[in-house]
There are 2 protein chains.
Amino acid sequence: MKKKRPTLQDVADLVGVTKMTVSRFIRNPEQVSGALRDSIQAALDELGYIPNRAPDILSKSKSHAIGVLLPSLTNQVFAEVIRGIETVLEPEGYQTMLAHFGYSPELEEQRIATLLSYNVDALIISESQHTPKAQKMLENAGIPVIEIMDSTSSSPLHIIGIDNCSAAREMTQTMIDHGHRNIVYFAARMDQRTLQKIEGYKQAMQANNLHPIIKETHSASSFTLGAQFLDEVLTQHPDIDGIFCTNDDLAIGALYACQKKGLKVPEQIGIAGFHGHDIARAMVPLLATVITPREEMGRLAAEALLKGLQGAPFQKQVIELSYQIECGESIKAI
Amino acid sequence: MKKKRPTLQDVADLVGVTKMTVSRFIRNPEQVSGALRDSIQAALDELGYIPNRAPDILSKSKSHAIGVLLPSLTNQVFAEVIRGIETVLEPEGYQTMLAHFGYSPELEEQRIATLLSYNVDALIISESQHTPKAQKMLENAGIPVIEIMDSTSSSPLHIIGIDNCSAAREMTQTMIDHGHRNIVYFAARMDQRTLQKIEGYKQAMQANNLHPIIKETHSASSFTLGAQFLDEVLTQHPDIDGIFCTNDDLAIGALYACQKKGLKVPEQIGIAGFHGHDIARAMVPLLATVITPREEMGRLAAEALLKGLQGAPFQKQVIELSYQIECGESIKAI
DNA sequence: TTTTCTATTGTTAACGGTAACATTACCACA
DNA sequence: TGTGGTAATGTTACCGTTAACAATAGAAAA
């Protein structure tokens, strides 16, 4: 357990050459004479040599690792973003270093420092609100940084995202068009994106002379929370006929709670979610939702970074991706 | 963009001391005279100094990073395992390096090498089947390695998991006890854990003189797949009255498909899942499922590694966690 | 035979921190 | 006045790999 990994020197000693020759063999076998190749390979196998990246990271400040900083790892949305990122980075031989900061800017600052201290070659982040120190670190890092999720962010970084505000406005308007009037917004977490969505919801309600009502919490969303919100809102506002949720989890939880109570969806209450996860698109009734390009977002972000790493100029740019309103069966038919 | 990060030397030059003094100040300010402290701090702030871990990793082979190798990152099960792991590691200042191998042993071998090349201090892995080379790397790594998920694994490593076979046997027996007879097993991915579950299902069926039927695919499970399997199985075996799925996704997908077809659950068909995700415990009808301690598994694994890193002897040990049979409302009441 | 070239292998230094040891300066005390 | 002690700071070497340059030997060319 305590004997440490063999180094190039160990392999070289076994073969009777210098470590430089072994190093050459590993990176470019043709540079080494045919006579040596077999014995070097044999020595590598025998010792189970595994390269050590640390020296390279130290001397070239290139780790071949990309830092990914997300608010949460358990959120389905981010899981799919990660999949998109890895789809692109993995074949290129880049390792992803994931970190999450639980929606806290202070923790985000720490995490940025940690990732940079490992010399990540590039960084993907996902919030537009940073502490001043974090801001400075990002500017001085000297590596490509890209911000994802929210295209309306005012951050000075390269951005790939969607317009959450307009997406929420459209979905709300769709519910109104379909005959829902007293629509409540279910919010959780209260991060930037949720605030954007609330803004869009309010705009649509006010444009139709309807009164916005918001149920909110700072804690995480869940199916259970959706059910709990529904109970509460029915007591406080018995006349509601629509619920728009900040994500599918809340919506599905609320929908189940309606089924338990015998409330007919969408006849008595229309329900809409956000993101369009697999389950929302398989369930009965089909959930009305905003389908967002989560995986594509990760993919595009990774591709942009790769280009930057391959020497292309990496300047600020805002890429707005499109979303899709899915009416499903959980809001009234027109 | 191209100017590189300031080093200790840069800070030292600005203050007019050697980098050693700055290094001391960062790690232990009392070792530096009061007169210097303010100017060093000012220089650190001005340059935005961020420590570089590479030299330390190089000279001490300690990265303060833990490698976590999972088959998939998008699977809800593993997301919760990760949360458990991070709950423990993060407060201790350890960074997690996540990697996944898409259920391919060859890719797993590559990933192990990659994680080791970054000098991770310990490793959490999740399959018992490794290539010989992977096996050797794990043995020679000289770091604590722990295997999670399957307590019946024959691997020579430290193990924390559950007995998937006996869990599946119990759930199948429960369905039989509740009056279901022609129970089909829905399998996906066909990894070790699924094979274990199939074994348990078969044992229970045969013990009751019932004929096991297995629907299987090597592709990933999803809600959609559950629905598709249901359609197929109804054609092939119109007399089935029960479905036991290798995970909740398949089960919920099958359940929705039943609802669409107007098949009554559980009266006409009983359905059970595996894992007990939040949704399974919120939906209508409540899903029968095996509740597994996913987060606890991650937590315990991380704690065991930490102890090993803090010098405690790290010997092979098998920790079997308990699961819980939840009857829900999707199988008949007794 | 001698020179030149080339293929192969060797040598040195560097990356940025820190452990271990060395030095300096100042003070207290005999 | 000199000695010993101590607090503060400096110096050196090392971790493992590779870029850059150096050296060697053998073959081809003159």
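Each chain gets a letter, A, B and so on, in the order the sequences are listed, and its residues count up from 1.
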Please round to the nearest 0.5 Å and tell me the distance separating atom OH of Tyr118(B) and atom NE2 of His64(A).
->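 Reported to 0.5 Å precision, the distance equals 7.5 Å.
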Taking it one step at a time, do Leu306(A) and Val88(A) satisfy side-chain contact (heavy atoms from CB on, under 4.5 Å)?
-> CA-CA 9 Å; Leu306(A) 273 183; Val88(A) 173; 3.6 Å; yes
What is the distance, rounded to the nearest whole Å, between atom [atom1] of [X] and atom [atom2] of [N]?
X: Leu36(A); N: dA7(C); atom1: CG; atom2: P; value: 17 Å
X: Lys62(B); N: dG16(D); atom1: NZ; atom2: C1'; value: 16 Å
X: Phe25(A); N: dT8(C); atom1: CZ; atom2: C1'; value: 15 Å
X: Arg37(B); N: dA7(D); atom1: CZ; atom2: P; value: 13 Å
X: Asp13(A); N: dG10(C); atom1: CG; atom2: C1'; value: 14 Å

Produce a footprint string for nucleotides 12-23 of chain C: one letter per nucleotide, 5' end first; B if the base is under 4.0 Å from any protein heavy atom, S if only the sugar-phosphate is, - if neither.
-> ---BBBBBB---
So [Y] and [X], do their side chains get closer than 4.5 Å, heavy atoms only?
X: Pro105(B); Y: Gln129(B); result: no
X: Glu92(B); Y: Leu309(B); result: no
X: Ile82(A); Y: Leu98(A); result: yes

Report yes if a side-chain nitrogen or oxygen of Ser33(A) is closer than 4.0 Å to either non-bridging phosphate oxygen (OP1 or OP2) of dA7(C); otherwise report no.
->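 Answer no for this pair, as no side-chain N or O of Ser33(A) is under 4.0 Å from OP1 or OP2.
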Under 3.5 Å, side chain of Arg37(B) to main-chain N/O of Val32(B), donor-acceptor pair present?
->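 The answer is yes, because a donor-acceptor pair under 3.5 Å joins these two groups.
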Have a look at Ile57(B) and say if it touches a base, only the backbone sugar-phosphate, or nothing, with a 4.0 Å heavy-atom cut-off.
->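 The residue Ile57(B) makes no contact with any strand.
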